[in-house]
Structure formats: C-alpha cells, structure tokens
Amino acid sequence: MCVFMFTSNSLTKTNCIKYLLQTTARFSHQRAHQQAVRGMATNKRKNEDDKPGTKKPASRTVTSASGPWNQGLKASMNDPGLRVMADDQCVIIRDKYPKARYHFLVLPKRSIPNLKKLVPNDIPLLTHMYDISKELTAALDTGLEFRYGYHAVPSMSLLHLHVVSQDFDSPCLKTKKHWNSFNTEYFIDAEDEKFILATKELYVDKCHKCSKPFSTIPALKSHLVSHIPNNTNKSQ
DNA sequence: GTTCTAGAAC
DNA sequence: GTTCTAGAAC
Ligand SMILES: Nc1ncnc2c1ncn2[C@@H]1O[C@H](COP(=O)(O)O)[C@@H](O)[C@H]1O
Ligand SMILES: [Zn+2]
C-alpha cells in the first residue's frame, strides 16, 4: 500500500514552481554573499599587505554551531529554505550546492548512516525513496532527463538519494570529482541490480589470518605478532 | 562536502 | 599574464 499522496503540502505543480523560484532567489543570494565575503577578504588582505610581516593564514573554525561539516544534511533536512516536501518516512531537500539545474536529496527520517548500514528490511523504504523521487520529477515536468542514485563513496553522513537533472548546468559543478561522481560507476543508480553490492559492509575489523575480531588497532597489532613465525621481535 | 590558495599548466 | 588543479583545513 503506497502511503504517498498528492496533497496541498506535497507535489502540486504550484508548490514545485514555488520551490524552484526559491532555488533561484536563494542561489543568486548565495552568490552575492560569496562575492561579498570574497571582497571583504580581499580588502583585509590589502590592509595587511601595508604592514609586511603580519600575514598569517586565515584561521578557520573546523566545527560550526550546526556541527562538523559532514553532518550538515541533518540540519538541512529541517531547513525550510531547502525542504521541498516530506512524508511519514522521508524528506526531500534541494541540494545546497546543486550540480545541475535540478538537484535534490532524498533522506529517510529514520537516521541511516550510509549504504553499508542497510538491511533487507529497508528495501521498502528504498523503493519508497525512489518512488517519491519519480513523483517529484514527474510533477516538475521539466522536460529534462533525471538520474536517481547514490554515491559509492559519499562524503556527507546520512543516507541520501541524489535526484539530479542531466544538464549539469550549474556554477557549483567545479571539479573533476564532481563530474566523475555523477558520471561514472561512482554513481550507483537506485534501480540498478548492482545496487545491492554497494550495501555490503567492507569494514569487518577481523584478523586477516585467523578472523579473530579486534576492537582497536593497538589490540590488533599485539595480536598480529602471534602469527609471525619464529618471531624475534626484529624488523627490517 | 566546501573554501581558500599556492604552484602548475597554459 | 590568466586559468586550472590539488591539497590543507587540527
Ligand atoms: N549542508 C548541506 N545541505 C544540503 N546539501 C549539502 C550540504 N552539504 C553538502 N551538500 C550536498 O550533499 C551532497 C553530498 O554528496 P555525497 O556525500 O558525495 O553524496 C552534495 O551533492 C552536496 O552538494
Ligand atoms: Zn559531450
């Protein structure tokens, strides 16, 4: 039974258009902001250049009020400026740094760290994420092709499905990594049967010789010497 | 992931 | 000279 329904709060075309207008407004605002920040930095550097020897690398805080950088999606899920829609299971947000004209992220409300933590019971949820993505792009009616998938090696925490139009026309697309992460096997299509391979946990934390589990690397290292024949504690 | 920027490449 | 790219950010 599909719980997803078109309601006034979800995927009406009017609402979609509204969110896209927000995209444009926010985006130009963001660019203006970045330019302003850059201008301020330039001014500051000029002043410092008047006093030689006072130059030092600008210190930057590594964590912010919203937590470490790789936890940013958690806050963005509840950011009304980014949220496109939500139902009982999922939230869809606009990607904060869209790599194409349309770029959304679909996140389960129930916190799942990454693909490797998925279990067979999650399959209906994954199907639902894909289904509402298709509903969204259908409602948007952009005439653009879309792809729906996961990054094989994500940087951001919390499982998220990329919904990205295939124009790749965006100032945020800047690096080879950006390109390749959406246009090689790095991008795992949600509907691809190979998808299941990406859900396998690769960290097993066991000895490579005898499969004894270990909890810390020092513990592993003291165990490893037991496998060295005629161990004399010498190296090289 | 992004930002910033030094040094490479053009 | 400008453009591009890769690495640090503790
Ligand atoms: N704070 C944020 N809010 C929303 N989207 C973000 C945020 N930080 C990064 N992103 C996007 O999240 C995606 C994470 O990529 P990945 O971890 O490779 O799947 C990228 O497309 C980023 O543009
Ligand atoms: Zn081409």
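Chain A is the first sequence line, chain B the second, and so forth, proteins listed ahead of strands; every chain is numbered from 1.
Listed for the A:H151 side chain is a donor-acceptor partner under 3.5 Å among the backbone atoms of A:S181. In this structure, the side chain of A:Q166 engages the main chain of A:V164 through a donor-acceptor pair within 3.5 Å. The backbone N or O of A:P98 sits less than 3.5 Å from a side-chain atom of A:S170, completing a donor-acceptor pair. Between the side chain of A:Y148 and the backbone N or O of A:L161, no donor-acceptor pair lies under 3.5 Å.
Distance NZ (A:K96) to C1' (B:dG1): 10 Å, rounded to an integer number of Å. At whole-Å resolution of the value, CG in A:L73 and C1' in B:dG1 are 8 Å apart. A straight line from CG of A:L82 to P of B:dG1 spans 17 Å, rounded to a whole angstrom. Rounded to whole Å, atom C1' of B:dT2 lies 12 Å from atom NZ of A:K177. Rounded to whole angstrom, the span from the CG atom of A:N180 across to the P atom of C:dA6 amounts to 11 Å. Rounded to whole Å, atom C1' of B:dG1 lies 13 Å from atom CG of A:L158. C:dC4 atom P lies 16 Å from atom CH2 of A:W179, rounded to whole Å. The CG-P distance, from A:N70 to B:dT2, rounds to 13 Å in whole Å.
Listed nucleotides: C:dT5, B:dG1, B:dT3. Nearest to the side chain of A:K176: C:dT5.
Within a 6.0 Å sphere centred on NZ of A:K74, heavy atoms belonging to other residues, nucleotides or ligands number 12 at most.
Residue pairs meeting the side-chain hydrogen bond (donor to acceptor under 3.5 Å, both in side chains) criterion with at least one member in residues 217-230 of chain A, sequence neighbours excluded: A:H223-A:H227.
Helical stems in DNA chain B, defined as runs of 3 or more consecutive Watson-Crick or G-U wobble pairs with donor-acceptor distances under 3.5 Å: B:2-10 with C:1-9.
In this structure, A:W69 packs face-to-face on the six-membered ring of B:dG1, meeting both the 5.5 Å centre cutoff and the 30° plane limit.
Note on A:H151: nothing from the nucleic acid sits closer than 4.0 angstrom, heavy atoms only.
Residues meeting the salt bridge (Lys or Arg N to Asp or Glu O under 4.0 Å) test with A:D167, sequence neighbours left out: none.
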